[in-house]
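Side-chain atoms are counted along with the backbone in the values below, which use heavy atoms only and exclude waters and symmetry mates.
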Amino acid sequence: MTIKKTDLSGILGFPVAPFNSDGSLNEKAFSENVEFLVKAEVSAVFIAGGAGEYQSLTEKEYEQMLEVALSITNQKVPLFTGVGGNISTSIELAQLSERKGADGYLILPPYLIHGEQEGLYHYYKSIIESTSLNAVIYQRDNAVLKLKTLEQLISNHPQLVGFKDGIGNMEFNIEAIHSIGNRVQWINGMPFAEITMPAYFHLGYQVYSSAISNYIPHISKFFYEALKENNQELIHDLYIDVLLPINQIRKEKKGYAVSLIKAGMEIIGLPVGELVRPPLVAVEKEHYRQLEKVIAKAHSLYPEK
């Protein structure tokens, strides 16, 4: 098995899954979303993840998204897919990703079950060993690894290139980074990762997934550069003017982590629509208007260079 390792860095882009009024996948809008992220110079594109409503996609839609994304990224940036949930389906989609030419995949938690560490180990092992692609583990919800389990997975699987944390246990993160080092890329995958990124950055998590890169990617860039330069004044200003106000709207309803992204994209003129599949809900008009004001302020105070 030949393994071509992909290095991940900086800001990762996670496109949404746009839907037509009849509920079908809107390929054109998805294509524009991926193009927008590539032009915004994200370091990699991850399709069919949480923002991409992985849980609601059919295999046909998944394949459509993969083919569209591959045609646009065209080796300009690495392309990763989302797999997870049902283990048989996960393996099928991982193998489909390999056949089509993706660079790797992000492994989402198993469906519903809160497994023992041995069970989680074999869940990840089965998926990782099904292809030669790069794999990234996403720790969140019911998939919480102990350090020994993570060390075993990394030691036994050279194609495991990243660990994405969505839990926020800083004691574990410190132990993991100092025990494992730079063998994998450490990725901040907390909801609205910019909010927690200063704490993660100084631990060694220098990669993160950015939801707002779908509609104000220049703010993501300004924020990340400020982190690298330790520009505390700019970090503070971006928090007060843009990031914290968006986060307050995001917390108004469950599911806004996805639907608010689509609202932001509509506001800037990307025609993705606001339709989301149940159990997610669309953004309410008042929250939409609030987001419009924040985005307008972001462009006014922090114009693109």
Side-chain angles (χ1 to χ4, degrees), residues 8 12 14 46 48-55 80-91 93-94 104-130 134-211 247 250-251 254-255 257-258 279-280:
L8 299 170
L12 307 177
F14 283 70
F46 284 67
E53 298 185 55
Y54 168 80
Q55 80 288 343
F80 281 65
T81 60
V83 304
N86 178 303
I87 190 166
S88 299
T89 301
S90 298
I91 290 172
L93 294 179
Y105 45 81
L106 173 69
I107 308 177
L108 302 166
Y111 175 71
L112 196 59
I113 303 298
H114 286 75
E116 295 289 344
Q117 290 298 296
E118 181 183 1
L120 288 172
Y121 176 87
H122 286 286
Y123 170 76
Y124 290 116
K125 176 180 184 291
S126 298
I127 298 171
I128 293 169
E129 292 181 355
S130 70
N134 295 272
V136 176
I137 287 175
Y138 194 2
Q139 167 158 284
R140 64 176 297 168
D141 297 327
N142 58 324
V144 181
L145 298 176
K146 292 183 178 179
L147 180 57
K148 182 178 179 181
T149 309
L150 180 59
E151 287 177 325
Q152 288 177 330
L153 283 165
I154 291 171
S155 175
N156 295 333
H157 302 95
Q159 67 267 52
L160 179 51
V161 299
F163 177 80
K164 183 179 180 184
D165 178 54
I167 297 294
N169 182 334
M170 290 307 181
E171 180 179 346
F172 172 86
N173 288 330
I174 291 169
E175 289 178 346
I177 286 175
H178 286 280
S179 299
I180 297 168
N182 62 2
R183 164 61 182 81
V184 294
Q185 293 292 331
W186 303 96
I187 304 167
N188 178 2
M190 293 290 288
F192 204 160
E194 280 88 356
I195 301 300
T196 54
M197 195 57 193
Y200 274 84
F201 189 81
H202 294 292
L203 290 181
Y205 276 75
Q206 299 192 352
V207 187
Y208 75 97
S209 53
S210 174
N247 195 43
R250 183 189 65 82
K251 292 190 292 185
K254 294 179 180 179
V258 175
L280 299 176

* Determine, step by step, whether Glu175 and Asn169 satisfy the side chain to side chain contact (heavy atoms under 4.5 Å, CB included) criterion, reporting the C-alpha distance in whole Å, the side-chain angles of both residues, the deciding distance to 0.1 Å, and the verdict. => CA-CA 10 Å; Glu175 289 178 346; Asn169 182 334; over 6 Å; no

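- In this structure the side chain of Glu151 never reaches within 4.5 angstrom of the side chain of Ile154, judged on heavy atoms.
- Two residues are said to be in side-chain contact when any heavy atoms from C-beta on lie closer than 4.5 Å; Ile137 and Val184 fail this criterion.
- Taking CD1 of Ile187 as the reference point, atom CD of Gln139 lies at 12.5 Å (rounded to 0.5 Å).
- At distances below 3.5 Å, at least one donor-acceptor pair connects side-chain atoms of Tyr138 with backbone N or O atoms of Gly189.
- Heavy atoms only, all atoms of each residue included: Val144 and Asp141 are closest at CG2-O, 3.6 Å.
- Looking at every heavy atom in both residues, Ile87 comes nearest to Ser126 through CD1-CB, 3.7 Å.
- For the pair Leu160/Tyr124, no side-chain contact is recorded, criterion being any heavy-atom separation below 4.5 Å from C-beta on.
- To the nearest 0.5 Å, atom CD of residue Glu129 and atom NE2 of residue His122 are 10.0 Å apart.
- Rounding to the nearest 0.5 Å places OH of Tyr205 at 10.0 Å from CE of Met197.
- Side chain of Gln159 to main chain of Ile128: a donor-acceptor pair is present (N/O by atom type, distance under 3.5 Å, no hydrogens or angles).
- No donor-acceptor distance shorter than 3.5 angstrom exists from the side chain of Asn247 to the backbone of Arg250, with no hydrogens or angles considered.
- A side-chain donor-acceptor contact under 3.5 Å links Tyr54 to the backbone of Gly84.
- Closest of all the heavy-atom pairs between Ile91 and Ser130 is CG2-CB, 3.7 Å.
- The aromatic rings of Trp186 and Phe163 stand perpendicular to each other, their planes meeting at an angle above 60°, with 30° marking the opposite boundary.
- Taking OH of Tyr105 as the reference point, atom CG of Leu93 lies at 11.0 Å (rounded to 0.5 Å).
- At a threshold of 4.5 Å between non-hydrogen side-chain atoms, the residues Lys146 and Leu120 do not count as touching.
- Closest approach of Met190 to Gly168, counting heavy atoms only: SD-N, 3.5 Å.
- Taking all atoms of both residues into account, the shortest heavy-atom contact from Ala135 to Ile107 is CB-CD1, 4.3 Å.
- Looking only at distances, a side-chain donor or acceptor of Tyr123 sits under 3.5 Å from a matching main-chain atom of Gly85.
- Two residues are said to be in side-chain contact when any heavy atoms from C-beta on lie closer than 4.5 Å; Ile174 and Leu203 meet this criterion.
- Inter-residue side-chain proximity for Asn173 and Ile167 is flagged as unmet; no heavy-atom pair is nearer than 4.5 Å.
- In this structure the side chain of Tyr111 never reaches within 4.5 angstrom of the side chain of Asn86, judged on heavy atoms.
- Minimum heavy-atom separation, Ile127 to Ala94: CG2-CB, 4.5 Å.
- Looking at heavy atoms from C-beta onward, Leu8 lies in side-chain contact with Val136 at the 4.5 angstrom threshold.
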* To do: Walk me through it: do Tyr121 and Glu116 pass the test side chain to side chain contact (heavy atoms under 4.5 Å, CB included)?
  => CA-CA 9 Å; Tyr121 176 87; Glu116 295 289 344; over 6 Å; no

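- Separation of atoms NE2 (His157) and NZ (Lys125) is listed at 5.5 Å; rounding is to 0.5 Å.
- One finds the CG atom of Leu147 at 11.0 Å from the CD atom of Glu171 (value rounded to the nearest 0.5 Å).
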